[in-house]
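Below is one structure, written out as structure tokens, with a few remarks after it.
All values derive from a computational prediction rather than experimental measurement. Chain A is the first sequence line, chain B the second, and so forth, proteins listed ahead of strands; every chain is numbered from 1.
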Amino acid sequence: MSEEKYIPLNFIEEIIEEDLSNGKHGGRIHTRFPPEPNGYLHIGHAKAICTNFELAKKYGGKTNLRFDDTNPTTEETKYVEAIQRDIKWLGYEWEGEPLFASDYFDDLYQYATKLIESGDAYIDESTAEEIAEQKGVPTSPGKESPHRHRSIEDSLRLFQEMKDGKHPDGSMVLRAKVDMTAPNMHLRDPVIYRVKHQHHHRTGDKWCIYPMYDFAHGQSDSIEKITHSLCSLEFIHHRPLYNWFIEKLGIFPSRQIEFARMNVAYMITSKRRLLRLVDEGVVSDWDDPRMPTISGLRRLGYPAKAFRVFCDKVGLAKRDNLIEIELLESCVREELNKVSTRMMVVMDPLKLTITNYPDDYVEMVDVDNNPEQEDAGKRKVPFSKHLYIEQGDFMVDAPKKFFRLGPEKTVRLKNGYIITHRDHTIDADGNVTEVFVEYYPESKSGSDTSGIKAKGVLHWVSREQAVSIDTISYDRLFTDPTPLGHEGKDMMDFVNKDSKHIDSKALAEPHILEVGDSEHLQFMRKGYYIKDQSSTTEKLVFNKTISLKDSWGKAQKKMK
RNA sequence: CGGGGUGUAGCGCAGUCUGGCUAGCGCACCUGGUUUUGGACCAGGGGGUCGAAGGUUCGAAUCCUUUCACCCCUACCA
């Protein structure tokens, strides 16, 4: 018997479980993820995706993917494709084919006609400015439009003409007749159809009128028999309207439930602003590894599982939040530690020569591909008299707790032998240029009979077989956790001007040549890396996903 | 003259509806141990009196009253 671990329910799970116990919808759970195809998915979408898919999975339900494509001005097919790729990569499979709000344009047109016939909608020829004027401000009631009491026949005729392309953009709209005095602005006779002589990415030129969000989203939910329509808190004011249409139209009663958006420190999730970063050349593209997009973070090397765990750990509630980026990074490290192939890579090479090791001899030593995984196996790595170690692993005046190499110090070369420093050379500037050591033949890893204890363990690479690679490390794109949260300041004021560092010094063990494109690597004692798409057969390029935790470095910083 | 939402450790969440164990959990932080990654793992620890005030009660984060703060709503965007 395993101990039952109590996992508390979030407020949406409580609603679902109550619905389930009441037998609502015959115990059926159906959610949906409804992106507008006008940009790439970002970390905020990941939260919505995980929430919708995981909730359905937990309760044996289904999740639709529906593109909310009711505004042809901003939407494109390339985004439709990118969005599908990102959702799949995150590890989710939607029910059936991808769906589109534009598939329902005929139904929506019928719904609108029905509303006009029942006297619940009318054609308004007021200008946008006049309509805004009529709606007024939240603190005082609005005024009725002069067209509000136009005859049903007139509205019907005009709506038909709108559809037939007889009226130019902006000349008239269809408005729902709700309540101009409502304190909720969305109830003050909202516009539900507008004229837009604009080519649509799917329906082409079939339509020149398009439904507004409020007259498409809830109806689409209803058509798809979505049981729980989850959205972010800012849509809470739309809910009364959402329900009003369901009631007036007598259609399937989907239920809208709002939760708080996830905000992550140092990241922004506004498509408009992300586009600006691309357009102004702050980053190379939407999939730049510094972008908070799914594609960018994937390229950086964040594994899909880390997103899922992260979203789960963040939880679900209704209060404003700002998640520390350290939580995301912790999820990334946790997953990467489990799956990464360990590699020996020296980032900043320093020559090391084993004076008592045979010349021209190359020994193949065993290295674990991944000590966290029993079945990951081992591989052979060349070891020889002439090696490179990390410049930072040798210090002439080493502090007491420096468990690395220094004058007369003894350390182990990872998976190789224990060595003791004997000498080193220094150039005119005082930089150490080469270290000379002696090794203990009987101290070989796996068959050590030397009895010598070495506190420090260093990674290394054999000089003759070393492969030169490029590495790119990234810093945060912004210098402030909330670049949008400063009155009178622009996010560009907080852009980190020095967020990308390309380095060509690194030397890797030969196995680096056989690494897969999406294989997560751990450069031992350094960090996690992944091959970048800019790699060529001549030159491999690796993105640094994230460094290993570095308690030594942290302690050093504290000392200063 | 409006309406809606939210306030529990540094951050994120549970506990509130159905008052009652020393207010829990994750990340972060600290200490010790194990270890051929100063990683990882294991063990332990510090930190909140529950936005504030008043009330009900033997007893309140949980119930009542008042109050404060923050966020959202004024697109022919979604």
A/His197 side chain to A/His167 backbone, donor-acceptor under 3.5 Å: yes
Among the candidates [options], find the nucleotide nearest to the side-chain atoms of [X].
X	options	answer
A/Leu327	B/C30, B/C27, B/C13	B/C27
A/Arg412	B/A78, B/U36, B/U74	B/U36
A/Glu14	B/G4, B/G15, B/C70	B/G15
A/Lys135	B/G3, B/C76, B/G39	B/C76
A/Lys401	B/G39, B/A78, B/G38	B/G38
A/Arg319	B/A14, B/A78, B/A28	B/A14
A/Asn321	B/A78, B/G12, B/U36	B/G12

Applying a 4.0 Å non-hydrogen cut-off, can you work out what [X] is touching in the nucleic acid: base, sugar-phosphate, or nothing?
X	result
A/Tyr193	nothing
A/Ser126	base
A/Pro35	nothing
A/Gly142	nothing
A/Pro141	base
A/Lys196	sugar-phosphate
A/His459	nothing
A/Leu316	sugar-phosphate
A/Met212	sugar-phosphate
A/Arg333	nothing
A/Glu372	base
A/Val314	sugar-phosphate
A/Arg404	base
A/Asn415	base

Protein-nucleotide distance ([X], atom [atom1]; [N], atom [atom2]), rounded to Å:
X	N	atom1	atom2	value
A/Leu322	B/G12	CG	P	7 Å
A/Met347	B/U37	CE	P	20 Å
A/Tyr242	B/A78	OH	C1'	15 Å
A/Asp320	B/A69	CG	C1'	12 Å

Is any NZ, NE, NH1 or NH2 atom of the basic residue among A/Asp124 and A/Arg175 found under 4.0 Å from an Asp or Glu carboxylate oxygen of the other?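 So A/Asp124 pairs with A/Arg175 through a salt bridge.
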Under 4.0 Å between a Lys/Arg side-chain N and an Asp/Glu carboxylate O for A/Glu125 and A/Arg150?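 Looking at A/Arg150 together with A/Glu125, the answer is yes, because their closest N to O distance falls below 4.0 Å.
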Would you check, one step at a time, whether the test salt bridge (Lys or Arg N to Asp or Glu O under 4.0 Å) holds for A/Glu36 with A/Lys271? CA-CA 11 Å; A/Glu36 182 185 12; A/Lys271 283 183 198 166; 5.1 Å; no
Test A/Tyr79 against A/His201 for ring pair (Phe, Tyr, Trp, His ring centres under 6.0 Å), laying out the working first. CA-CA 11 Å; A/Tyr79 295 125; A/His201 74 110; 9.7 Å; no
Aromatic ring centroids of A/Tyr440 and A/Tyr417 under 6.0 Å? no
Could you check whether A/Trp552 and the base of B/G38 form a stacked pair, meaning centres closer than 5.5 Å and planes differing by less than 30°? yes
Quick check for you: to the nearest 0.5 Å, what is the distance between A/Tyr439 atom OH and A/Thr420 atom OG1? 13.0 Å
On RNA chain B, compare the nucleotides closest to A/Glu326 and A/Lys318; which residue's is nearer the 5' end? A/Lys318
A/Gly456 vs A/Ser171, nearer the 5' end of RNA chain B by closest nucleotide: A/Gly456
Both distances under 3.5 Å, Watson-Crick or G-U wobble: report the partner of [N], or none.
N	result
B/A40	B/U34
B/G2	B/C73
B/G12	B/C25
B/G7	B/C68

Tell whether A/Gln522 reaches the base of B/G39 with its side chain through a donor-acceptor pair below 3.5 angstrom.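 Answer no: no donor N or O sits under 3.5 Å from an acceptor.
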Does A/Arg342 contact B/U37 through a side-chain donor or acceptor facing the base, at a distance under 3.5 Å? yes
